[in-house]
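Working notes, beginning with the structure itself.
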Number of protein chains: 2
Amino acid sequence: MKATPVRLKVLEVLSATHLALSPSELEASFSKVDRITLYRTLKDFEEAGMIHKIIDTDGVTRFAFCNDDCPDATHTEDHVHFNCKKCHKMFCLAHVQTPSLQLPDGFSSTGINTVVHGVCKHCA
Amino acid sequence: MKATPVRLKVLEVLSATHLALSPSELEASFSKVDRITLYRTLKDFEEAGMIHKIIDTDGVTRFAFCNDDCPDATHTEDHVHFNCKKCHKMFCLAHVQTPSLQLPDGFSSTGINTVVHGVCKHCA
DNA sequence: ATAATAAACGCAACATTGTTGCATTTGAAT
DNA sequence: ATTCAAATGCAACAATGTTGCGTTTATTAT
């Protein structure tokens, strides 16, 4: 994987925030980048385990960089996400672990996606 | 709200399964129905509290009828959903309650969306 | 430093999902 | 049967995401 300007910019923006950003938000933050290239960059980063993808309460796809306070170096997304209903931002709550739960017989889990919906610290 | 053929069909299909179905799956199951009408029907049902909407692991919007084993008559979606990575079906686990969790200071929750990813009973 | 090459980019074109406006049809109540 | 609001279906549009392909660029070896 080559160190190109587009990739460096995306990494820079994502690593500087604890928010999960959508492709269009990212596109808007540096308007020089082609939409398709951005999609491919995000896909590459995700496959490389550098960022993770989550879908917010409204069905919007978002990507987040796991900072070093991420409990799991493999970025398996075992933390909780918080979706604010006012500002619509999505926070990675890196320290809130996904609770375990009891599944019915025959069902086996490989991951749990927990998205909390509510009002964030800044909108309260 | 009028009892029209389209609405009756949608209710019939959704009430006969414990799966959450996407608009296109519903459209395919009775090919006479206009896509737009279906979207509006689902929206109306959702606003009336008869069905609930959930986004699956792949970002696909799905709708499910809460059967009488649904723990909450207000359909507030306080149960867990299971998304099979093989058949891609989404099950309403009506008896598995959403676990509560501890949020950071300042964040308040109005709902938690839990989607378990894994292999279902039939694909195991 | 330069040339070679595989990777990344950007454009066109397309597919899917979802929404809105508007004219027409239809369910239900009189 | 008549009426009228509600529901439908069509056209048109917007947003999101993907693929093919020719061009550019970052790295690697010369």
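Every chain is numbered from 1, with letters handed out A, B, ... down the list of sequences. Atoms considered below: every heavy atom in the structure, side chains included; atoms not considered: hydrogens, waters and symmetry mates.
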What nitrogen or oxygen pairs link the protein and nucleotides 26-30 of chain D at under 3.5 Å?
from   : atom 1 : to   : atom 2 : distance (Å)
D/dT27 : OP1    : A/A3 : N      : 3.2

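Take A/F63 and apply the ring-ring contact (aromatic ring centres under 6.0 Å, His included) test, not counting sequence neighbours, and it matches no residue. Partners of B/S100 under the side chain to side chain contact (heavy atoms under 4.5 Å, CB included) rule, at least two apart in sequence or in another chain, do not exist in this structure. Partners of B/A48 under the side chain to side chain contact (heavy atoms under 4.5 Å, CB included) rule, at least two apart in sequence or in another chain, are B/M1, B/M50. With sequence neighbours excluded, the residues forming a side chain to side chain contact (heavy atoms under 4.5 Å, CB included) with A/S109 are A/L103, A/I112, B/V116, listed by chain and number.
The side-chain hydrogen bond (donor to acceptor under 3.5 Å, both in side chains) analysis of residues 57-66 of chain A, with sequence neighbours excluded, yields the pairs A/E25-A/R62, A/D56-A/R62, A/T57-A/N83. Residue pairs that meet the salt bridge (Lys or Arg N to Asp or Glu O under 4.0 Å) test with at least one member in residues 27-43 of chain B, sequence neighbours left out, do not exist here. Residue pairs that meet the salt bridge (Lys or Arg N to Asp or Glu O under 4.0 Å) test with at least one member in residues 7-23 of chain A, sequence neighbours left out, are A/R7-A/D44. Identified under the ring-ring contact (aromatic ring centres under 6.0 Å, His included) test for residues 27-49 of chain B, with sequence neighbours left out: none.
You can see that DNA chain C meets the heavy atoms of chain A within a 4.0 Å-exclusive cut from C/dA6 to C/dA12, reading 5' to 3'.
Within residues 20-33 of chain A, no residue approaches DNA chain C, by heavy-atom distance under 4.0 Å.
Between the two ends of the helix from C/dA1-D/dT30 to C/dT30-D/dA1, each summarised by a five-pair axis, the helix axis turns through 30° (rounded to 10 degrees).
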